Amino acid sequence: MAIDERTGVTGFTHHLTGWLRRLMPPGPRLERLTADLEAGFADRPEPLTADACRAVEARAQRHARHLELHFDADQTAEPDSESRGWDPVDPEQVRARAAGVREVRRLADGTFALTLDTLDPVEHAGPYLRNAFDLARGARRLVLDLRGNGGGDPGTVALVAEHLLGDGARALSEVIYADRRRQWWTRARPAGFALTQDLAVLVSSRTYSSAEALAYHLQVRGRAVIVGETTRGAADHVTPIRLTGQVTGLLPEGTVIDAASGSNWEGSGVRPDITCTAEEAWEVALARPVP
């Protein structure tokens, strides 16, 4: 039967697990994910609904926190037969939000604070971030606020990291796909380029995806003190797939392995060094003594 609005829950689940087997690197986690979905939604011939879609998503997120299913009853587009990747970002939209640089502050005590709400593609975000970090030179300490950051481009993660991790090239991560591997590094920069001041990174339960990656990379290398709430725990790289006329999925296609820890934050989230509510994180970070 064609995959459309009449597809039963069991048929949809089988279609989803077929895509997961195409996209994800093979291994025990993929087998646990697909087996749990097939067992959980066997013998469910009723038509797929938004509620059923949420139930499938919730079960899948036991194994892959970044897997999302978006149901739109008004959509009728043809399902994908191949992975089409991400649509290009509109540069005008990036400019309208200043590449997620919501606020830059220098406080009277010499604190530099940058609130970064997204990680737009590095080719667009680079000028905004470079200008922001130029304002941090000479600051007494640094605060990077990722509490509302939903993630984005790993290239932008690397750009932020190279401002904070030292002037030499540093390996950040390796992403393992079904058919290839890709490494992410910071670039070597002239002596004195990187900022060396004490750094606090603010996170919350809304910090997601590549924003979690940035906090994790800084934490495991001992560069930052993480303040706030445990993050959502979505480490996979994902790609959009139109599964049916009404359902678009964000499906895992790459497993991230941090180059320093040999692990990642999938399922567990980035755990703060100083735990407090998201609302308290700013004041808690400012109350820390600067070494």
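Remember, it's a predicted structure, so these values are computed and weren't measured experimentally.
Between the side chain of Asn264 and the backbone N or O of Val256 there is at least one donor-acceptor pair closer than 3.5 Å. In this structure, the side chain of Ser204 does not engage the main chain of Thr231 through any donor-acceptor pair within 3.5 Å. Judged by distance alone, the side chain of Gln61 and the main-chain N or O of Leu67 form a donor-acceptor pair under 3.5 Å. With hydrogens and angles disregarded, no donor-acceptor distance shorter than 3.5 Å links the side chain of His66 to the backbone of Ser209. Judged by distance alone, with hydrogens and angles left aside, the side-chain atoms of Arg147 form a donor-acceptor pair with the main-chain N or O of Ala278 at under 3.5 Å.
Residue Leu114 is not grouped with residue Val143 when hydrophobic side chains (ILVMFWY) are merged at heavy-atom distances under 4.5 angstrom, including chains of intermediate members. Hydrophobic clustering (ILVMFWY, side-chain heavy atoms < 4.5 Å, transitive): Val89 and Leu119 are in distinct clusters.
Ala215 and Val270 get closest at one heavy-atom pair: CB-CG1, 4.3 Å. When every heavy atom of Ile274 is checked against every heavy atom of Val284, the shortest pair comes out as CG2-CG1, 3.7 Å. Between Gly228 and Ala281, the shortest heavy-atom contact is CA-CB, 4.2 Å. When all heavy atoms of Ala285 and Ala200 are compared, the pair lying nearest together is CB-CB, 4.2 Å. When every heavy atom of Gly85 is checked against every heavy atom of Thr239, the shortest pair comes out as CA-OG1, 3.8 Å.
Contacts classified as salt bridge (charged side-chain N to carboxylate O under 4.0 Å, His left out) and involving residues 157-175 (residues at least two apart or in different chains) are given here: Glu162-Arg187, Glu162-Arg189, Glu174-Arg181. Sorted by first and then second residue, the salt bridge (charged side-chain N to carboxylate O under 4.0 Å, His left out) pairs involving residues 192-203 (not counting sequence neighbours) are Asp198-Arg288. Counting only residues at least two apart or on different chains, no salt bridge (charged side-chain N to carboxylate O under 4.0 Å, His left out) pair has a member in residues 202-215.
In the displayed structure, His14 atom NE2 is contacted under 6.0 Å by at most 12 heavy atoms of other residues, nucleotides or ligands. The 12-atom threshold is not exceeded at CG of Asp43, counting heavy atoms of other residues, nucleotides or ligands nearer than 6.0 Å.
At a threshold of 4.5 Å between non-hydrogen side-chain atoms, the residues Val157 and Trp184 do not count as touching. When side chains are defined from C-beta on, Arg182 does not count as touching Pro154, because their heavy atoms never get closer than 4.5 Å. For the pair Ser205 and Thr230, the minimum side-chain heavy-atom distance is 4.5 Å or more. Counting only heavy atoms from C-beta outward, the side chains of Arg140 and Phe112 never approach each other to under 4.5 Å. You'll find the side chain of Arg95 stays beyond 4.5 Å of the side chain of His124, heavy atoms only. Side-chain contact between Ile241 and Leu23 is present, with at least one heavy-atom pair separated by less than 4.5 Å. Using a 4.5 Å cut-off on side-chain heavy atoms (C-beta onward), Asp153 and Leu159 make no contact. Using a 4.5 Å heavy-atom cutoff, the side chains of Val201 and Gln219 are not in contact.
Test Leu165, Asp258, Leu214 against Leu172 for side chain to side chain contact (heavy atoms under 4.5 Å, CB included) and you get one pass: Leu165.
Residues forming a side chain to side chain donor-acceptor pair (under 3.5 Å) with Arg102 (at least two apart in sequence, or on another chain): Asp117. Residues satisfying the salt bridge (Lys or Arg N to Asp or Glu O under 4.0 Å) criterion with Glu280, sequence neighbours excluded, are absent altogether. Applying the side chain to side chain contact (heavy atoms under 4.5 Å, CB included) criterion to Ala39, with sequence neighbours excluded, gives no partner residue. Here Arg21 pairs with nothing under the salt bridge (Lys or Arg N to Asp or Glu O under 4.0 Å) rule; sequence neighbours left out. Every residue meeting the side chain to side chain contact (heavy atoms under 4.5 Å, CB included) condition with Thr49, not counting sequence neighbours, appears here in chain and number order: Asp51, Ala52. For Arg44, the side chain to side chain donor-acceptor pair (under 3.5 Å) partners two or more places apart in sequence, or in a different chain, are Glu46. Evaluation of the side chain to side chain donor-acceptor pair (under 3.5 Å) rule for Gln93 yields no partner, not counting sequence neighbours. The side chain to side chain donor-acceptor pair (under 3.5 Å) check on Thr17 picks up Glu38, with sequence neighbours excluded.
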Using the rule given for side chain to side chain contact (heavy atoms under 4.5 Å, CB included), can you reason through Thr244 versus Phe71, listing the C-alpha separation, both sets of side-chain angles and the distance that settles it, and then say yes or no? CA-CA 9 Å; Thr244 76; Phe71 184 96; over 6 Å; no
Give the C-alpha distance, both sets of side-chain angles, the deciding distance and a yes or no for side chain to side chain contact (heavy atoms under 4.5 Å, CB included) between Val227 and Val203. CA-CA 6 Å; Val227 181; Val203 296; over 6 Å; no
Side chain to side chain contact (heavy atoms under 4.5 Å, CB included) assessment of Leu20 paired with Leu37: CA-CA 11 Å; Leu20 293 171; Leu37 287 173; 4.0 Å; yes
Run the side chain to side chain contact (heavy atoms under 4.5 Å, CB included) test on Leu16 and Val247 for me, step by step, so that the C-alpha distance in whole Å, both residues' side-chain angles and the decisive distance to 0.1 Å come before the verdict. CA-CA 11 Å; Leu16 171 60; Val247 182; over 6 Å; no
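With 3.5 Å as the limit, one finds a donor-acceptor pair spanning the side chains of Thr111 and Arg141. For the 3.5 Å distance criterion, the side chains of Tyr216 and Ser261 qualify, holding a donor opposite an acceptor.
Annotation: the span from Leu251 atom CG to Asp80 atom CG amounts to 10.0 Å, rounded to 0.5 Å. With rounding to the nearest 0.5 Å, the separation of CD1 in Ile176 from CD1 in Ile257 is 5.0 Å. Atom-to-atom distance recorded for Ile226:CD1 and Arg271:CZ is 13.5 Å, nearest 0.5 angstrom. Expressed to the nearest 0.5 Å, how far CG of Leu116 lies from CG of Leu144 amounts to 6.5 Å. Between Thr115 atom OG1 and Trp282 atom CH2 the span is 7.0 Å, to the nearest 0.5 Å. The distance from the CG atom of Asp120 to the CZ atom of Arg97 is 4.0 Å, given to the nearest 0.5 Å.
Salt bridge absent: Glu57 and Arg54 never bring a charged side-chain N and a carboxylate O closer than 4.0 Å. A salt bridge is defined here as a Lys NZ or Arg NE, NH1 or NH2 lying under 4.0 Å from an Asp or Glu carboxylate O, and Asp72 with Arg242 fails to meet this definition.
With a 6.0 Å cutoff to the six-membered ring centre and a 45° limit on the axis angle, Arg22 does not count as a cation-pi contact of Tyr177.
Taking the six-membered ring where the residue is Trp, His217 and Trp265 present perpendicular rings, their angle passing 60° and hence far from 30°.
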Can you list, pair by pair, the side-chain donor-acceptor contacts under 3.5 Å of residues 24-33, counting residues two or more places apart and other chains?
{"from": "Arg29", "atom 1": "NH1", "to": "His63", "atom 2": "O", "distance (Å)": "2.7"}
{"from": "Arg29", "atom 1": "NH1", "to": "Asp236", "atom 2": "OD2", "distance (Å)": "3.2"}
{"from": "Arg29", "atom 1": "NH2", "to": "Asp236", "atom 2": "OD1", "distance (Å)": "2.6"}
{"from": "Arg29", "atom 1": "NH2", "to": "Asp236", "atom 2": "OD2", "distance (Å)": "3.1"}

